[in-house]
Amino acid sequence: MLKDTYCGDLRASDAGRTVRLAGWVHRRRDHGGLIFIDLRDSHGIVQLVFTPDRPEVHAVADRARVEWVLAVEGEVRLRAPNTVNPRLPTGEVEVVPIRCEVLNESLTPPFYINEPADVDERVRLTYRYLDLRRPEVARVIRLRHEVVRFIREFLYARGFTEIETPTLIKSTPEGARDFLVPFRHRPGYFFALPQSPQILKELLMVAGFERYFQLARCYRDEDFRANRVAEHTQLDLEMSFVDESDVMGLIEELYTEIARRFGNGRILQSPFPRLDYFDCMERYGIDRPDLRYGLEQVDITEPLRGTTFNVFASVIAAGGVVKAIRVPGKADFTRRELDSLTEIAKGGGAKGLATIAWLPGGEVRSPIAKFLTPAEIDGIRMRTEACEGDIVLIVADEREVAARSLHLVRDELGDRLGLKDPSVLAFAWVTGFPLLEWRPEEGRWDAMHNPFSGFRPEDEPLLDTDPGRVVSRQYDLVMNGQELGGGSIRINKRAQQEKVFSLMGYSKEEMEARFGALLRALEYGAPPMGGIGAGIDRLIMALVGTDNIRDVIAFPKTSNGTDPMLGAPSPVDPEQLRELGLMLTPEAERNVREAAEL
RNA sequence: GGCCCCGUGGUGUAGUGGUCUAACAUGCCACCCUGUCAAGGUGGAGAUCGGCGGUUCGAAUCCGCUCGGGGUCGCCA
């Protein structure tokens with residue numbers, strides 16, 4: 001080893017020791033004779049002091065520049081009391097080198113490593129290895145390591161077996177688009193990268209492992225978002241002989257402990273509240289509500305039944321609903337503020353946003369008041385429990401549109417009114433989802449979550465008579481408006497699984513071609529089983545309080561799915577294509593040619 | 001695929017029709033400087049304003065197209 005001590009570890013108690021350090025020049029302060037160099041390594045920063053009385057050592061410090069790599073041997077000494085730096089953990093000491101060697105020089109970095117600066121993300125990603133040198137960036141990656149390590153130890157201690165599953169599997173056309181990998185030995189055949197190890201983990205239960213987990217890389221070839229990338233990591237686990245409460249209880253214990261150890265916030269409610277899907281949609285208009293604040297949706301259809309106000313009357317007559325959010329103390333929203341909220345509501349499909357404000361003193365201010373009777377207005381006030389000084393925001397539409405629009409309004413109000421307290425972790429479970437949803441354009445049912453989710457036993461007859469009313473044994477873990485994970489108790493009988501597939505429009509032949517392995521396995525004593533897949537990236541995001549998923553990934557891709565550092569993806573050699581039995585379309589050819597010319 | 005925002009020395013920004021021969025901060029280079037820790041001081045180099053085309057007597061600035069980045073809707077069982 002070129003070093004025997006980490007820079008960041010030195011403390012007053014090390015005074016007098018002779019240490020060998022190695023690291024990067026973080027900063028250099030040249031006073032002419034006296035030169036200070038802050039030397040940084042993976043543990044932190046310590047100050048080196050160079051004086052002219054060792055000319056050959058001083059000369060090295062004189063040449064050295066930011067990000068050069070130095071090896072140093074020297075004595076740790078206490079700083080004079082007036083030169084202690086309380087902002088550094090090592091600030092009570094400094095190292096006086098008796099030897100200093102340049103291990104490598106460095107170009108001037110393209111951006112600051114020694115201070116937090118808001119640098120263009122593309123530049124950061126192109127030089128990600130430099131970006132990761134910045135302590136605040138590296139901190140997140142290290143935290144991720146600690147969390148993952150804790151998860152592993154937590155599950156090992158509870159008898160889980162960690163098992164890897166293949167990343168080259170079979171493509172299935174459901175759900176997200178697959179990433180495909182051509183198979184050279186049989187041109188025309190493709191592997192797919194897994195969207196999750198779902199089927200494989202069920203097969204591990206059939207195999208008798210009883211408790212499995214894996215930190216699984218999952219791939220989806222869809223468009224990206226601030227919290228969504230092509231490849232993400234999932235805590236994937238599955239247990240045999242369990243019901244919902246076993247899985248939820250285990251995950252709740254795990255996440256509570258993670259939040260306690262690694263989070264910088266407090267858990268709002270423990271045990272995590274469990275919301276029924278329909279109730280949740282009714283109150284929040286979304287199946288992943290942010291429970292850090294109220295502003296719940298209230299159905300005010302009833303007091304308006306029989307109204308002569310045509311906007312509401314026609315919606316009610318068509319079977320729609322009128323829903324409202326009461327915003328306490330915001331009767332003074334300006335016209336401009338209300339206009340922008342209206343635009344947000346329209347983004348959810350609403351035709352507009354009606355408002356009624358009760359001013360201090362009792363006066364009602366509302367563009368629609370003249371179309372409503374005093375009794376109707378009073379009915380709205382009672383339903384929403386509005387008081388003087390409050391405003392009520394109203395959407396009338398089909399149930400889904402009204403719910404979605406008011407969800408968007410509520411979300412915006414949460415931001416605008418500063419209700420999203422970053423120090424609060426509002427976990428919740430959402431359960432009671434419908435098993436299936438109707439796809440009118442395709443004339444078939446589709447699984448709301450995944451086609452392997454089980455359903456309440458008492459609902460089995462409904463599969464024949466009224467499939468839309470079958471309630472699944474799915475559970476979603478949500479926190480602060482984000483979905484952190486989801487799982488279910490699975491179907492473990494072939495006949496039930498086939499029934500669900502047939503409702504989804506599959507023939508026996510298609511079932512066999514796509515899911516033959518699973519169906520067959522279910523006939524060989526598949527145990528009752530259930531599990532969960534929980535997004536690790538989003539968990540870390542929540543713990544560090546970022547809304548950018550790239551912050552928690554060491555080498556992330558840009559939002560268009562490319563890697564500017566490696567230059568991936570890239571065209572490949574024509575010979576490689578030939579081997580794989582692939583040909584480019586003319587458009588693809590042109591694409592490659594044009595890129596080559598740039 | 002649609003929509004919104006952004007693109008000016010290495011980095012971050014200012015400049016929204018002529019006063020821009022492009023400003024500021026920081027970084028970089030040189031010199032001075034022995035207690036700093038975002039060290040300080042003096043001087044210097046560095047951008048034809050993402051690209052192409054158009055409008056105009058005149059474009060960083062206006063228009064069109066395009067490339068790149070960020071966000072979002074669709075999509076994401």
Side-chain angles (χ1 to χ4, degrees), chain A residues 26-39 45-53 58 65-67 79-88 90-91 94 96 107-127 130-131 172-178 195-196 198-199 218-230 232 343-344 346-349 404 408 411 433 435-437 439 444-453 472 474 483 486 488 500-501 504 514-515 533 535 547-550 557-562 564 594-595 597-598:
Chain A
H26 191 66
R27 228 179 257 287
R28 183 172 159 278
R29 292 176 294 281
D30 185 347
H31 289 233
L34 189 65
I35 299 173
F36 298 101
I37 284 179
D38 292 338
L39 195 66
I45 288 168
V46 73
Q47 172 167 283
L48 311 178
V49 191
F50 297 84
T51 49
D53 42 284
H58 187 266
R65 290 295 180 268
V66 164
E67 298 309 317
R79 297 196 192 185
N82 59 319
T83 63
V84 164
N85 184 349
R87 302 216 307 276
L88 276 183
T90 62
E94 58 196 7
V96 187
L107 296 174
T108 301
F111 50 84
Y112 312 106
I113 286 158
N114 51 20
E115 54 190 271
D118 199 12
V119 178
D120 183 81
E121 210 172 23
R122 174 160 185 105
V123 179
R124 289 177 55 195
L125 292 185
T126 304
Y127 297 94
L130 298 180
D131 195 34
T172 53
E174 289 74 35
R177 219 171 278 119
D178 281 327
Q195 296 178 28
S196 86
Q198 181 65 38
I199 290 176
C218 303
Y219 303 87
R220 287 176 189 178
D221 184 10
E222 296 292 349
D223 287 356
F224 313 115
R225 289 291 183 281
N227 64 358
R228 224 166 67 195
V229 279
H232 74 281
E343 285 312 305
I344 284 159
K346 284 180 177 170
R404 182 169 60 238
L408 295 175
D411 187 51
F433 293 88
L435 182 71
L436 299 161
E437 57 191 349
R439 293 276 160 111
R444 64 181 188 93
W445 293 94
D446 197 8
M448 190 151 172
H449 281 91
N450 80 46
F452 317 112
S453 288
S472 83
Q474 168 82 23
E483 183 185 333
S488 64
V500 171
F501 283 147
M504 290 169 62
R514 291 174 188 180
F515 304 107
D547 52 14
N548 185 343
I549 197 167
R550 289 171 226 108
K557 298 189 169 44
T558 64
S559 80
N560 68 13
T562 65
E594 280 170 7
E597 282 161 8
L598 286 177

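Residue numbers start from 1 in every chain, and the chains themselves are labelled A, B, ... in the order their sequence lines are given, proteins ahead of strands.
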Novice: Quote, to the nearest angstrom, the P distance that separates B/rU21 from B/rG35.
Specialist: 46 Å
Novice: Base, sugar-phosphate or nothing for A/Arg228? Non-hydrogen atoms, less than 4.0 Å.
Specialist: base
Novice: When rounded to the nearest Å, what value does the distance between P atoms of B/rG46 and B/rC29 take?
Specialist: 16 Å
Novice: Take atom C1' in B/rG68 and the same atom in B/rC31, then report the distance between them in whole Å.
Specialist: 41 Å
Novice: Quickly work out the A/Leu130 CG to B/rG10 P distance and round it to whole Å.
Specialist: 17 Å
Novice: Can you tell me how far P in B/rA25 sits from the matching atom in B/rG41, rounded to whole Å?
Specialist: 11 Å
Novice: Minimum heavy-atom separation for A/Pro109 to A/Glu67, with atom names?
Specialist: CG-CG, 3.9 Å
Novice: Taking atom C1' in both B/rU56 and B/rC62, what distance in whole Å separates the two?
Specialist: 9 Å
Novice: Here's a test of your reading of the structure: between A/Ser559 and A/Ala447, which maps to the more 5' nucleotide of RNA chain B?
Specialist: A/Ser559
Novice: Taking only Lys NZ, Arg NE, NH1 and NH2, and the carboxylate oxygens of Asp or Glu, determine whether A/Arg225 and A/Asp223 approach each other closer than 4.0 Å.
Specialist: no
Novice: Atom pairs under 3.5 Å, N or O on each side, protein against nucleotides 11-15 of chain B: can you list them with distances?
Specialist:
residue	atom	partner	partner atom	Å
B/rU11	O4'	A/Pro110	O	3.3
B/rU11	O2	A/Tyr112	OH	3.1
B/rG12	OP1	A/Asp120	N	2.7

Novice: Please state whether the phosphate of B/rG40, meaning OP1 or OP2, lies under 4.0 angstrom from any side-chain nitrogen or oxygen of A/Arg28.
Specialist: no
Novice: Ignoring hydrogens and angles, does a donor from either the side chain of A/Arg225 or the base of B/rG74 sit under 3.5 Å from an acceptor on the other?
Specialist: yes
Novice: When the C1' atoms of B/rG54 and B/rG69 are considered, how many whole Å apart are they?
Specialist: 26 Å
Novice: Want to settle it: does A/Leu125 or A/Val66 sit nearer the 5' end of RNA chain B, counting the closest nucleotide to each?
Specialist: A/Val66
Novice: Does CZ in A/Phe224 sit with more than 12 non-hydrogen atoms of other residues, nucleotides or ligands closer than 6.0 Å?
Specialist: yes
Novice: Please report the closest heavy-atom contact between A/Pro52 and A/His58, naming both atoms and the distance.
Specialist: N-CD2, 3.8 Å
Novice: Between B/rG70 atom C1' and A/Asn548 atom CG, what is the distance in whole Å?
Specialist: 9 Å
Novice: B/rG68, OP1 or OP2 - any side-chain N/O from A/Thr558 closer than 4.0 Å?
Specialist: no
Novice: Check the distance between B/rG70's C1' and A/Arg550's CZ and give it to me in whole angstrom.
Specialist: 7 Å
Novice: Check the distance between B/rG70's P and A/Arg124's CZ and give it to me in whole angstrom.
Specialist: 11 Å
Novice: Just to verify, what does A/Phe501 make a ring pair (Phe, Tyr, Trp, His ring centres under 6.0 Å) with, not counting sequence neighbours?
Specialist: A/Tyr506, A/Phe515
Novice: Residues in side-chain contact (heavy atoms from CB on, under 4.5 Å) with A/Arg27, at least two apart?
Specialist: A/Arg29, A/Asp38, A/Asn114, A/Glu115
Novice: Taking only residues two or more places apart in sequence or in another chain, which ones pass ring pair (Phe, Tyr, Trp, His ring centres under 6.0 Å) with A/Phe433?
Specialist: A/Tyr277, A/His449
Novice: Please state how far atom CG in A/Asp223 lies from atom P in B/rG71, giving the value in whole angstrom units.
Specialist: 12 Å
Novice: Nearest-Å distance, CD1 (A/Ile549) to C1' (B/rG71)?
Specialist: 15 Å
Novice: Might you point out which heavy atoms bring A/Pro451 and A/Val500 nearest each other, and give the distance in Å?
Specialist: O-CG1, 3.8 Å
Novice: Report yes or no: do A/Glu121 and A/Asn548 form a side-chain donor-acceptor pair below 3.5 Å?
Specialist: yes
Novice: Once you apply the 3.5 Å cut-off to both distances, tell me the Watson-Crick or G-U wobble partner of B/rG46, or none.
Specialist: none
Novice: How long is the line joining CZ of A/Arg177 and P of B/rG1, in whole Å?
Specialist: 11 Å
Novice: Any chance you could list the contact pattern along nucleotides 31-38 of chain B? Use B for base contacts, S for sugar-phosphate-only contacts and - for none, protein heavy atoms under 4.0 Å, 5' to 3'.
Specialist: --BBBBBS
Novice: Counting any heavy atom closer than 4.0 Å, what does A/Asp446 reach on the DNA or RNA strands: base, sugar-phosphate only, or nothing?
Specialist: sugar-phosphate
Novice: Over how many whole Å does the gap from A/Glu343 atom CD to B/rC73 atom C1' extend?
Specialist: 15 Å
Novice: Would you call A/Thr562 and A/Lys557 a side-chain contact if the rule is heavy atoms closer than 4.5 Å?
Specialist: no
Novice: With a 3.5 Å limit on both atom pairs, tell me what B/rG7 is paired to, counting Watson-Crick and G-U wobble, or say none.
Specialist: B/rC67
Novice: Tell me whether the OP1 or OP2 atom of B/rG10 has a side-chain N or O from A/Thr108 closer than 4.0 Å.
Specialist: no
Novice: Establish, with yes or no, whether the OP1 or OP2 oxygen of B/rG69 is under 4.0 angstrom from a side-chain nitrogen or oxygen of A/Thr562.
Specialist: yes
Novice: Looking at every non-hydrogen atom in both residues, tell me the closest pair between A/Met504 and A/Arg444 and how far apart they are.
Specialist: O-NH1, 3.0 Å
Novice: Apply salt bridge (Lys or Arg N to Asp or Glu O under 4.0 Å) to A/Glu483 and list each qualifying residue two or more places apart in sequence or on a separate chain.
Specialist: none
Novice: With a non-hydrogen cut-off below 4.0 angstrom, is A/Met448 in contact with a base, only sugar-phosphate, or nothing?
Specialist: sugar-phosphate
Novice: Could you measure between the two C1' atoms, the one in B/rU26 and the one in B/rG40, and give it in whole Å?
Specialist: 15 Å
Novice: What integer number of Å spans the P atoms of B/rC73 and B/rG10?
Specialist: 36 Å
